[in-house]
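One structure below.
Since the model is a prediction, treat every value here as computed from it, not as a measurement.
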Amino acid sequence: MKKKRILGSAVLSLAMGVSMFATGAFGATTSESQDTYRVLIQGPSAEKAKVENQYGKRWDFGNQGFTAEVNSKQYQALLNNKNLKVSKVEKHSIDSRVESNGKGNGKGDYTIQASYPSDQTPWGIEAIYNDSTIQSTTGGDGIKVAVLDTGINRNHIDLSGNVEQCKDFTQSTPLVNGSCVDRQGHGTHVAGTAVANGGSDKAGIYGVAPDAELWGYKVLGDNGSGYSDDIAGAIRHAADEAVRTGSKVVINMSLGSSGKDSMIASAVDYAYSKGVLVVAAAGNSGPYANTIGYPGALVNAVAVASLDNAFVNGTHRVSNFSSRGNPNTDGDYYIQEKDVEVSAPGGSIYSTAVDGNYATMSGTSMATPHIAGLAAKLWSSNKSWSNAQLRSEIQRRAKLYDIKGGTGAATGDDYASGFGFPRVK
């Protein structure tokens with residue numbers, strides 16, 4: 001019988017659509033309830049003010065307009081207003097693949113009696129540290145890693161010491177402080193890969209940057225899907241918090257959709273302009289070319305492809321499911337829209353589970369926090385760097401461990417693996 005780490009009872013606080021990039025059906029659009037619509041409203045200030053006074057406002061994106069929730073009758077009235085441009089904010093969904101126990105129970109209250117992990121430094125951690133004998137990890141102190149996802153289990157023994165912010169952007173009143181409950185499991189798994197610290201007993205699992213502070217931002221609902229305006233609002237909020245607190249912030253978005261959303265694209269540009277590094281999943285629509293999803297496909301986001309724990313000619317193999325970029329830009333050493341930037345472990349990744357234990361999942365969702373954690377670790381030792389300098393260093397390290405050419409062969413910028421696999425050493 002497996003031994004348990006007895007922690008007693010702990011209760012989680014309850015408080016353009018995109019989807020998680022764990023493996024499954026990527027980017028399938030789901031129909032909204034015909035009783036309620038999330039809409040983006042654009043037009044003259046006076047007309048927008050009238051609508052806001054009638055229906056309220058959810059997120060204000062300045063010149064891009066504002067979003068609101070309306071019923072079917074209100075939606076038709078808005079469509080009939082020739083002075084306004086009204087568009088629905090779409091939702092997308094994905095079925096994540098959990099390869100062992102660890103999904104949420106859909107309730108939000110957990111009595112945690114955690115098992116010891118079967119591996120404290122899973123293969124992805126050993127690979128990014130380039131050390132198969134490593135027993136624990138270090139680094140990330142003073143850097144904030146904002147995980148925009150399904151929320152986090154803030155009471156997981158291997159995460160609780162990292163949590164600095166916990167916010168929910170999905171409620172009827174957006175931006176609820178102190179609430180980021182994860183009923184799905186995806187966000188908790190992602191957070192563990194980036195920052196898990198082994199727990200107070202140091203018997204748990206380790207992420208890439210265990211000394212970093214975790215900002216758990218719930219932007220996806222309990223079914224793993226969410227609205228683009230909530231995500232854009234969270235991106236902007238993280239950027240504003242970076243400025244307010246004078247912090248270096250890395251945003252991790254293991255989510256996406258096949259289409260470009262103007263609200264999210266503008267928010268990513270805004271965050272980058274404020275000194276934030278944005279890291280996002282490439283998507284799971286491989287192995288075909290030109291399948292990279294958004295926001296990873298944006299120029300100001302670092303798109304991360306997935307690697308398997310398997311080797312071809314001495315290098316890690318790009319996962320078959322991992323989305324590919326544009327083959328026509330191979331070898332130009334220049335990141336354009338729809339380019340994969342770097343690669344990291346994403347196949348069969350073992351990490352923290354929402355029930356307080358551990359689970360294995362696959363996807364570019366799992367590759368992304370390896371890079372977010374690496375960014376936090378590198379930045380913590382070089383706090384004078386800008387986000388652009390940090391990004392250049394990640395690319396430089398990726399070239400040294402190029403997937404296509406092998407260790408030491410700086411022949412990267414491949415449409416499947418990007419510049420390659422950046423490592424700690």
Side-chain angles (χ1 to χ4, degrees), residues 21 117 119-131 134-149 152 156 158-159 161-164 186-199 204-217 238 247-255 276-282 296 301-307 341-346 349-352 358 361 363-383 385 387 390-391 393-395 397-398 401 421-425:
F21 276 155
D119 188 354
Q120 288 191 271
T121 52
W123 82 265
I125 301 301
E126 293 177 353
I128 202 165
Y129 270 81
N130 203 19
D131 185 353
I134 192 170
Q135 299 296 307
S136 62
T137 60
T138 61
D141 183 51
I143 308 301
K144 322 297 181 181
V145 178
V147 175
L148 277 57
D149 215 289
I152 57 170
H156 195 294
D158 298 339
L159 295 175
N162 300 88
V163 179
E164 185 175 81
H186 188 269
T188 299
H189 193 279
V190 166
T193 296
V195 303
N197 63 16
I205 208 168
Y206 285 90
V208 182
D211 301 318
E213 286 79 38
L214 175 60
W215 291 0
Y217 285 6
S247 301
K248 302 290 190 181
V249 175
V250 179
I251 290 177
N252 185 103
M253 286 190 285
S254 293
L255 48 79
V276 173
L277 185 73
V278 180
V279 185
V302 177
V304 186
S306 171
L307 302 175
E341 188 155 340
V342 293
S343 309
I349 299 302
Y350 187 63
S351 185
T352 44
Y358 305 93
M361 299 178 71
T364 55
S365 279
M366 286 63 250
T368 306
H370 283 90
I371 299 302
L374 175 64
K377 182 176 175 66
L378 295 176
W379 222 352
S380 67
S381 299
N382 303 275
K383 290 190 173 70
W385 283 354
N387 57 347
L390 173 64
R391 187 175 186 179
E393 175 62 14
I394 291 172
Q395 292 177 358
R397 288 171 183 253
Y401 297 96
F421 176 20
R423 306 190 187 188
V424 171
K425 60 180 180 179

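- Two residues are said to be in side-chain contact when any heavy atoms from C-beta on lie closer than 4.5 Å; L374 and I128 meet this criterion.
- Using a 4.5 Å cut-off on side-chain heavy atoms (C-beta onward), Y206 and D158 make no contact.
- By the 4.5 Å heavy-atom criterion applied to side chains, V250 and I143 are counted as neighbours.
- Contact annotation: the side chain of P122 approaches that of I205 to within less than 4.5 Å [non-hydrogen atoms, C-beta and beyond].
- Taking all atoms of both residues into account, the shortest heavy-atom contact from A305 to A367 is O-CB, 3.4 Å.
- Every residue two or more places apart in sequence or in another chain was checked for a salt bridge (charged side-chain N to carboxylate O under 4.0 Å, His left out) with D141, and none qualifies.
- Minimum interatomic distance between V195 and A212 (heavy atoms only, all atoms of both residues): CG1-CB, 4.0 Å.
- Here the CG-CG distance, from N197 to L159, works out to 7.0 Å after rounding to the nearest 0.5 Å.
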Handout entry: Steps toward side-chain contact (heavy atoms from CB on, under 4.5 Å) verdict (L277, I394)
Key = CA-CA 11 Å; L277 185 73; I394 291 172; 4.1 Å; yes
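- The distance from atom OG1 of T368 to atom CE of M253, rounded to the nearest 0.5 Å, is 10.0 Å.
- Judged purely by atom type and a 3.5 angstrom limit, R423 has no side-chain atom pairing as donor or acceptor with the backbone of N130.
- Looking at every heavy atom in both residues, A209 comes nearest to G140 through CB-CA, 4.1 Å.
- Within the 4.5 Å cutoff, the side chain of H189 has heavy atoms near those of the I349 side chain.
- One distance of note links CD1 of I134 with CD of E126; it measures 8.0 Å at 0.5 Å rounding.
- What you find for G373 and V208 is that their closest heavy atoms are C-CG1, 3.6 Å.
- With rounding to the nearest 0.5 Å, the separation of CZ in R391 from CG in L378 is 15.0 Å.
- The two residues E393 and W385 have their closest heavy-atom pair at CG-CH2, 3.6 Å.
- Checked against the 6.0 Å centroid threshold, H370 and F421 do not count as a close aromatic pair.
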Practice task
Output, in order, the C-alpha distance, side-chain angles, deciding distance and verdict of side-chain contact (heavy atoms from CB on, under 4.5 Å) for Y129 and T137.
Solution key: CA-CA 9 Å; Y129 270 81; T137 60; 3.4 Å; yes
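- Counting heavy atoms from C-beta outward, V278 and V302 have side chains that stay 4.5 Å or more apart.
- The side chain to side chain donor-acceptor pair (under 3.5 Å) check on S247 picks up T245, with sequence neighbours excluded.
- The shortest distance between side-chain heavy atoms of T138 and K377 falls below 4.5 Å.
- Minimum interatomic distance between N252 and A372 (heavy atoms only, all atoms of both residues): OD1-CB, 3.4 Å.
- Using a 4.5 Å cut-off on side-chain heavy atoms (C-beta onward), Y217 and V147 make no contact.
- The CD1 atom of I371 lies 12.0 Å from the OG1 atom of T364; values are rounded to the nearest 0.5 Å.
- Using modelled atom types and a 3.5 Å distance limit, the side chains of S365 and H186 yield a donor-acceptor pair.
- Considering only residues two or more places apart in sequence or on other chains, D149 meets the salt bridge (charged side-chain N to carboxylate O under 4.0 Å, His left out) condition with none of them.
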Practice task
Assess whether side-chain contact (heavy atoms from CB on, under 4.5 Å) is satisfied between K425 and D131, documenting all intermediate values.
Solution key: CA-CA 9 Å; K425 60 180 180 179; D131 185 353; 3.9 Å; yes
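- Using cut-offs of 30° and 60° on the angle between ring planes, the pair Y350 and Y358 is tilted.
- Separation of atoms CD1 (I125) and CD (Q135) is listed at 13.5 Å; rounding is to 0.5 Å.
- Scanning for salt bridge (charged side-chain N to carboxylate O under 4.0 Å, His left out) contacts around K144 gives E164, E213, with sequence neighbours left out.
- Under the rule for a salt bridge (charged side-chain N to carboxylate O under 4.0 Å, His left out), K383 has no partner lying at least two apart in sequence or in another chain.
- Applying the side chain to side chain donor-acceptor pair (under 3.5 Å) test to N387 and every residue at least two apart in sequence or in another chain returns nothing.
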